[in-house]
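Naming: A, B, ... by sequence-line order, numbering from 1 per chain.
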Amino acid sequence: MPEAAGREEADARRARPLWSGNVAFGLVTLPVELFPANRTARVSLRMVDEAGAPLSRRYFDADGKALEDDDIVRGFALADGEGFVLVEDEELEALAPERSREIDLSRFVDLDEIDPAYFDRGYFLAPDRGALKAYRLLARTMEETGRAGIATFVMRDKEYLVAIIADDGILRAQTLRFHDELRTPDDVGLPDLETLDAGDEEVAAIERAIVAAAAEELDESLLRDRASARLLALVQEKLGARDDVVKLSPEAAEAPGAAAEVDLMQVLKERLARDDEATGPSDASAPGTDRHDLQVMTKAALYRRAQELEVPGRSSMTKEELVAALERTSEGG
Amino acid sequence: MAARAMWKGIVTFGDVRVPVKLYAAIEDRTLRFRLLDRATKTPVVQSLVQSDTDSVVPYEATRRGFVTDEQEVVVLDPDELASLEPDGSRTIEVVRFVPPEAIDHRLYDRPYYLGPDGGAGPYAALARALARSEREGVARWAMRKKEYVGALRLHRGYPMLVTLRHAEEVVSLERVERPKGKPLDDAQLAMARQLVGMLEAPFEPTSYRDEYRGRVAELIEAKVRGQTPTAPKPRPRPKARDLDGALRASLRSAGDHRA
């Protein structure tokens, strides 16, 4: 028993890539796995009933009958209440061909040229088996030339524009917004700046105020999450007073969320330390998830993964259902 | 077609007061699907239920709970949560002005345009002064019951607030050792540098389109017309070879494209 529990825990702590595929640099193909570099810092709260029992989300039909996964289909609403066009998950998956599951670095740009308004989310790239040498070569080259590679790729039913950035030997990915996702001042209806009068004295006064408040560094303390700190203080106070504190039922229990991160560091350490230069770059193998791995994960670990992948209906799924849903999701790459 | 302002505030630092309106700068173009009951093709109803009995709990009877590492739930009342919300201040307080490179690009989150609120004079003066200073403001404000820290900067000449992530939201790599191995081959490094040089170009955001979104839209249109859409065919990738050969072949092929 203790042995089985130990193994389960180890599996729960293994980080899962959000995507696996190839980075193509010319004809050099580099298999990689993508891990998130952003996390939600805000303390997350669960929906519970008045007695503190965690609630699940469930789907019902118009008559109040509970629906299972297979009873539910995606529909795109037509204009003017003309009903819906039904779209199956398999049809959407078929729209992302193999080629778009590759990060093809066909252009290298100066990172400083990219307007910050384009930056979206951050990720890390870890080299897959046999790819460390090509990974190091690409990272070193991009660092020396001060360039970032630009590409598009498809991950989980969405196409992303991405900048691949070398950062002290490690490759990072930063997704960028597509041009048409960013409104222009004209779209918003802002007045033409040329036509606006700004008094010289007023401009000079603002410039002086800017100089008066100038600093060379960003004060890190400004980036502290004060809202979460206040929430935690309230929680501590209630815990101390044993006020509205109830024991979580064993079925609803989840492992602490920090585990996934400990192990992202572990994955990166392992991958970056592996001396596998003899094998050279591997071929362009199809990306995928180790399906059998899912079977040995704890329910809590499966649920966290389902959260990451935004699997619909996850909160009401059994362990078996979670495995099945995750297999379906990872099929898309 | 002007967008509606989502919030109004006053940019404040020193003696400067500039009333502004905030506009979302991001337009979500994701094609959204509804979840439907397959049998009736009508939208499903989502409810919160008791985990063991599946009985529906009305929203008024729900609470938020904090789950501790000891697997205890601390139930928080709506009043208690409301008491934690920031005051409804209109002040966008610019604390400091820093050089743009002082803000790591990983911190940038969501951009909002600023437009004039009332007379455009102070607004135009702020835009001009920001352009001359070549600095970004670091601002704090509370909007819709949430606190934000953001960078006050120009985008296409217009003042913009880009919200910044909290420090804890960016995973640091400080504890990861740098990749090690045998020294890289000089000839390979030279070829790789040459290849990057050949593929170097300015960043042109307009040259990228979300093709997948386009294909989803086509699929929907084809279905509306009653057609069976055809899936795109994958383009084969050249067979992999050793690093040296791949680099050489890449340089040849990149050269051909340029000629």
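Interface remark: Arg74(A) contributes backbone and side-chain atoms alike to the contact with chain B (heavy atom separation under 4.5 Å). Both the backbone and the side chain of Ala167(B) come within contact range of chain A, judged by heavy atoms closer than 4.5 Å. Contacts of Asp61(A) with chain B are made by both backbone and side-chain atoms, with heavy-atom separations under 4.5 Å. With a 4.5 angstrom heavy-atom cutoff, Arg135(B) touches chain A only via side-chain atoms. With a 4.5 Å cut-off on non-hydrogen atoms, Val196(B) touches chain A through its backbone and its side chain both. With a 4.5 angstrom heavy-atom cutoff, Leu86(A) touches chain B via backbone and side-chain atoms both. Contacts of Ala212(A) with chain B are absent, with no heavy-atom separation under 4.5 Å from either backbone or side chain. Only the side chain of Val16(B) comes within less than 4.5 Å of a heavy atom of chain A; its backbone N, CA, C and O stay farther away. For Leu164(B), the part lying under 4.5 angstrom from a heavy atom of chain A is the side chain only. Contact of Ser51(B) with chain A is made through backbone and side chain together, with heavy-atom distances under 4.5 Å. Only the side chain of Leu161(A) comes within contact range of chain B, judged by heavy atoms closer than 4.5 Å. Only the backbone of Leu114(B) comes within less than 4.5 Å of a heavy atom of chain A; no side-chain atom from C-beta onward does. Only the side chain of Phe178(A) comes within less than 4.5 Å of a heavy atom in chain B; its backbone stays farther off. Heavy-atom distances place both the backbone and the side chain of Ala24(B) under 4.5 Å from chain A. The parts of Val44(B) that come within reach of chain A are both its backbone and its side chain, each placing non-hydrogen atoms under 4.5 angstrom from that chain. Interface remark: Glu144(A) contributes side-chain atoms only to the contact with chain B (heavy atom separation under 4.5 Å). Both the backbone and the side chain of Arg226(A) come within contact range of chain B, with heavy atoms under 4.5 Å apart. Only the side chain of Val56(B) comes within less than 4.5 Å of a heavy atom in chain A; its backbone stays farther off. Neither the backbone nor the side chain of Ala53(A) comes within contact range of chain B, judged by heavy atoms closer than 4.5 Å. Heavy atoms closer than 4.5 Å to chain B are found in the side chain of Thr145(A), but not in its backbone. Heavy atoms closer than 4.5 Å to chain B are found in the side chain of Arg147(A), but not in its backbone. There is no contact between Tyr160(A) and chain B, counting heavy-atom distances below 4.5 Å. For Glu211(B), the parts lying under 4.5 angstrom from a heavy atom of chain A are both the backbone and the side chain.
Between the OG1 atom of Thr68(B) and the NZ atom of Lys247(A) there is a distance of 7.0 Å, given to the nearest 0.5 Å. Taking CZ of Arg57(A) as the reference point, atom OG of Ser47(B) lies at 9.5 Å (rounded to 0.5 Å). Between the CD atom of Gln188(B) and the CZ atom of Arg136(A) there is a distance of 10.5 Å, given to the nearest 0.5 Å. Distance check, rounded to the nearest 0.5 Å: CD of Gln71(B) to CG of Leu248(A) gives 5.5 Å. Taken to the nearest 0.5 Å, the CE atom of Met142(A) stands 9.0 Å off from the CG atom of Leu111(A).
Using a cut-off of 4.0 Å between Lys/Arg side-chain N and Asp/Glu carboxylate O, Glu168(B) and Arg224(A) are scored as not salt-bridged. Residues Arg107(A) and Glu204(B) are paired through a salt bridge, judged by an N-O separation under 4.0 Å between the basic side chain and the carboxylate. Using a 4.0 Å cut-off between a side-chain N of Lys or Arg and a carboxylate O of Asp or Glu, Arg63(B) and Glu50(A) qualify as a salt bridge. Under 4.0 Å is where a charged nitrogen must lie from a carboxylate oxygen, and between Arg39(A) and Glu169(B) no such pair does. A salt bridge is defined here as a Lys NZ or Arg NE, NH1 or NH2 lying under 4.0 Å from an Asp or Glu carboxylate O, and Glu91(A) with Arg215(B) fails to meet this definition. Remark: Arg213(B) engages Asp180(A) in a salt bridge, criterion side-chain N to carboxylate O under 4.0 Å. For Glu80(B) and Lys238(A), the salt-bridge test passes: some basic side-chain N is under 4.0 Å from an acidic carboxylate O. Under 4.0 Å is where a charged nitrogen must lie from a carboxylate oxygen, and between Arg248(B) and Asp244(B) at least one such pair does.
The greatest number of non-hydrogen atom pairs below 4.5 Å with chain A, out of Gly137(B), Ser83(B), Pro122(B), is found for Pro122(B). Interface check for chain B: of the options Ser106(A), Ala62(A), Gly122(A), Ala77(A), the most heavy-atom pairs under 4.5 Å are formed by Ser106(A). Most heavy-atom pairs under 4.5 Å with chain B, from the set Leu193(A), Asp197(A), Asp71(A): that is Leu193(A). Listed options Tyr123(B), Tyr23(B), Tyr208(B) were ranked by heavy-atom pairs under 4.5 angstrom with chain A; first place goes to Tyr208(B). Interface summary for chain B: among Val245(A), Leu176(A), Val246(A), the most heavy-atom pairs under 4.5 angstrom belong to Val246(A). Among Val162(B), Ile220(B), Thr62(B), Val138(B), the residue with the largest count of heavy-atom pairs under 4.5 Å with chain A is Ile220(B). Among Gly52(A), Ala215(A), Gly64(A), the residue making the largest number of heavy-atom pairs under 4.5 Å with chain B is Ala215(A). Per-residue counts of heavy-atom pairs under 4.5 Å with chain B were compared for Ile72(A), Leu105(A), Leu67(A); the largest is that of Ile72(A). The greatest number of non-hydrogen atom pairs below 4.5 Å with chain A, out of Leu189(B), Val57(B), Val149(B), is found for Leu189(B). Among the candidates Ser207(B), Ala129(B), Gly14(B), the residue making the largest number of heavy-atom pairs closer than 4.5 Å to chain A is Ala129(B). Between chain B and the options Leu196(A), Leu239(A), Ile206(A), Leu232(A), heavy-atom pairs under 4.5 Å are most frequent for Ile206(A). Between chain A and the options Gln50(B), Arg110(B), Lys41(B), His155(B), heavy-atom pairs under 4.5 Å are most frequent for His155(B).
Ring orientation note: the planes of Phe119(A) and Tyr108(B) are close to parallel, at an angle under 30° on the 30°/60° scale. Between Tyr113(B) and Tyr158(B), the angle of the ring planes goes over 60°, which puts this pair in the perpendicular group of the 30/60° scheme.
A donor atom on one side chain and an acceptor atom on the other are not found under 3.5 Å apart for Asp120(A) and Gln174(A). Looking at Arg58(A) and Gln46(B), their side chains never bring a donor and an acceptor atom within 3.5 Å of each other.
The cationic group of Lys133(A) does not satisfy the cation-pi geometry with Tyr135(A), failing either the under 6.0 Å distance to the six-membered ring centre or the 45° limit from the ring axis.
By the neighbour-count criterion of 12 heavy atoms within 6.0 Å, atom CD of Glu113(A) is densely surrounded, having more than that number from other residues, nucleotides or ligands.
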From CA spacing to verdict: ring pair (Phe, Tyr, Trp, His ring centres under 6.0 Å), Phe203(B), Tyr118(A):
CA-CA 11 Å; Phe203(B) 177 58; Tyr118(A) 283 100; 5.8 Å; yes

